[in-house]
Amino acid sequence: MSASNVFTGMAHTCIHWFRKGLRLHDNPALVAALRDCKELYPVFILDPYLYNNTLVGINRWRFLIGCLKDLDCSLRKLNSRLFVVRGKPEEVFPKLFQKWKVTKLTYEYDTEPYSLSRDKTVTTLAKEHGVEVVYKISHTIHDMDRIIEENNGKAPLTYNRFRTILKTIGNPKKPIPAPAIEDTKDVKTPCSENHDKNYGIPTLEDLGHDTTTLGEEKFPGGEQEALRRLDENMERKDWVCKFEKPQTSPNSLSPSTTVLSPYLTFGCLSARTFWWRVTEVYQGKKHSEPPVSLHGQLLWREFYYAAGVGIPNFDKMEGNPVCTQVDWDTNPEYLAAWRELISWIINVSWVLCMSCKARTGLPFIDAIMTQLRQEGWIHHLARHAVACFLTRGDLWINWEEGQKVFEYLLLDGDWALNAGNWQWLSASAFFHQYFRVYSPVALGKKTDKNGDYIKKYLPLLKKFPAQYIYEPWKAPRSVQQAAGCIVGTDYPQPIVQHEVISKKNIQRMKLAYAKRSADSAESPNESPSKKQGVKRKAKSVIDMLQKKDKK
DNA sequence: TCTGTCGTTGACTAA
DNA sequence: TTTAGTCAACGACAG
């Protein structure tokens, strides 16, 4: 290791590879990079596998660019710069290793399947080039591999089980401070005059985006903004102590939660820093507890990360052992209506279409999808509403389709959380009470009787009286005329009758579950302890249903 | 092996 | 306005 360098007076030429973890605070891999370092190259790679216009929507691009600009700004204060490189990491690194005579590579550990295989390839390449590799865990609060090990090699499938495992692991580590200028006084970052041309941060236009229709930037990316938002939220001590997620509103006009999630996703904010700041606020005070508290929210993130590590094909239905196999419909029209609504363009003027793209004919759902598209963030319960609606509740479309849309549009689109929550909401895994269905009408009314949220995001409905705002098709013709919006012409009829279709879908879920039990009886669990014992006659689906009916 | 309890956030109705 | 019961009945976990 670096011992030889110490004795010979040699110091490292090091690349710190930023991927997530776009911050200086609580960044142990960056600190490791600065140890025995004479030259530091902070690098971000625009990997086309992760960052392309099919996967990443314009708002998420804008957020990323904000993060990179902020990072470059912070690095300048340490007399360094960020190097943005385009290309596949396995092609980029060998060139950089040679060009800069690199001896050490540091990065933050990333547990996503693509990241693991990418990092394995890059590590092999590094070794071939005589480059030492150092990585540190700091994207999650805990070590996911350790959690799975403590749970006998499997991901915990319930939150309680997950918390039990955490008790054996103990408190999270304390975050470490950002490197200061003293830490980099012997470190140089060689920059040419052409730095911005060769390694600059791209603009949205560079990436081929039309920015003329871009909305206000409500949540600018970057570590400084993340820390500012954290401070701002932690100042509300009473609110922090009383925070209970289910009590927050999905349809308030300004967010009822912290909106720190995008900053956690990109690693502008360290989850450990967040955790310990909340702990400080709790000190000596009565406070809410997981799963509903702010700590609880951070633990949900860890829960899904562990699931993403321990469960194969976690982002798919097929080949995913915890996911109930459901005979979802293929219905491009329904999907388009939920997502953005191509089929309604014919009937509606372009101006109206531009201002309100989603068109299921259910204002609460359409308003949420409009907010998602415009702002890149929606409240967790709003996600529940539209996710349940797309899948088991109403449209009976595979959750993987929703997963793709969320990944594209959400600033906090996070692989493990996205996959896990879609399975939860579709009652495919983790949550199994499929007969509990959200009403696209009733849910929103609980916290917004007047429908102000709907009026904000679907202005063409703004003149409807509160009585009909959630169900405009029920309004008498005269009311529709007075509101200047005729249902079926200006705004669509609901694409489904929720009361009818949701009951039908519950029965379809019941069948999927029965088939699941029958299948697991046919091919019992893989675990050796369960393989032993008397073989039982496999039950058919029909047997299962008959048994259930008799009850 | 079986059984009881529990599960971040349902909707609806009646009191 | 808030709370409890009903609807129908799931899987994971712990004992």
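Everything numeric here is computed off the predicted structure, so don't read it as measured data. Here is the naming used below: chain letters follow the sequence lines, and residue numbers restart at 1 for every chain.
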Looking at [options], which one has an atom nearest to any side-chain atom of [X]?
X        : options               : value
A/Lys245 : C/dG11, B/dA11, B/dT9 : B/dT9
A/Tyr438 : B/dT8, B/dG10, C/dA8  : B/dG10
A/Tyr513 : C/dC10, B/dC12, B/dT8 : C/dC10
A/Ser517 : B/dT9, C/dA9, C/dG11  : C/dG11
A/Tyr434 : C/dA9, B/dA11, B/dT9  : C/dA9

Check whether the side chains of [X] and [Y] place a donor and an acceptor atom closer than 3.5 Å, and report yes or no.
X        : Y        : value
A/His142 : A/Tyr305 : no
A/Ser138 : A/Glu108 : yes
A/Tyr438 : A/His384 : yes

| Hey, does the Lys NZ or Arg CZ of A/Lys218 hover above the aromatic six-ring of A/Trp377, less than 6.0 Å from the centre and inside 45° of the axis? |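 So A/Lys218 doesn't make the cation-pi contact.
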| 4.5 Å side-chain heavy-atom contact, A/Val322 and A/Gln423 |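 Contact flag for A/Val322/A/Gln423 side chains = yes.
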| message | If you define the side chain from C-beta out and look only at heavy atoms, does anything of A/Phe274 sit under 4.5 Å from A/Tyr263? | response |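 Contact flag for A/Phe274/A/Tyr263 side chains = no.
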Quick one: label [X] by what it contacts on the DNA or RNA (base, sugar-phosphate, nothing), any heavy atom closer than 4.0 Å.
X        : answer
A/Val437 : sugar-phosphate
A/Lys446 : sugar-phosphate
A/Gln297 : base

| said: Assess whether a salt bridge exists between A/Glu232 and A/Arg229, defined as any Lys/Arg side-chain N lying under 4.0 Å from an Asp/Glu carboxylate O. | reply: no
| Can we say A/Glu400 and A/Lys404 salt-bridge, meaning some charged N sits less than 4.0 Å from an Asp/Glu carboxylate O? |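 No, A/Glu400 and A/Lys404 are not salt-bridged.
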| Nearest-Å distance once atom C1' is located in both C/dG5 and C/dA9 | 16 Å
Report yes if at least one side-chain N or O of [X] is closer than 4.0 Å to OP1 or OP2 of [N]; otherwise report no.
X        : N      : answer
A/Arg516 : C/dA12 : yes
A/Lys445 : B/dA11 : no
A/Lys510 : C/dA8  : no

| query | So which of residues 155-170 of chain A are in contact with DNA chain B, with a heavy-atom cut-off of under 4.0 Å? | reply | A/Tyr159, A/Asn160
| What stems, by residue range, does DNA chain C take part in, given at least 3 consecutive Watson-Crick or G-U pairs under 3.5 Å? | B:2-7 with C:10-15, B:10-15 with C:2-7
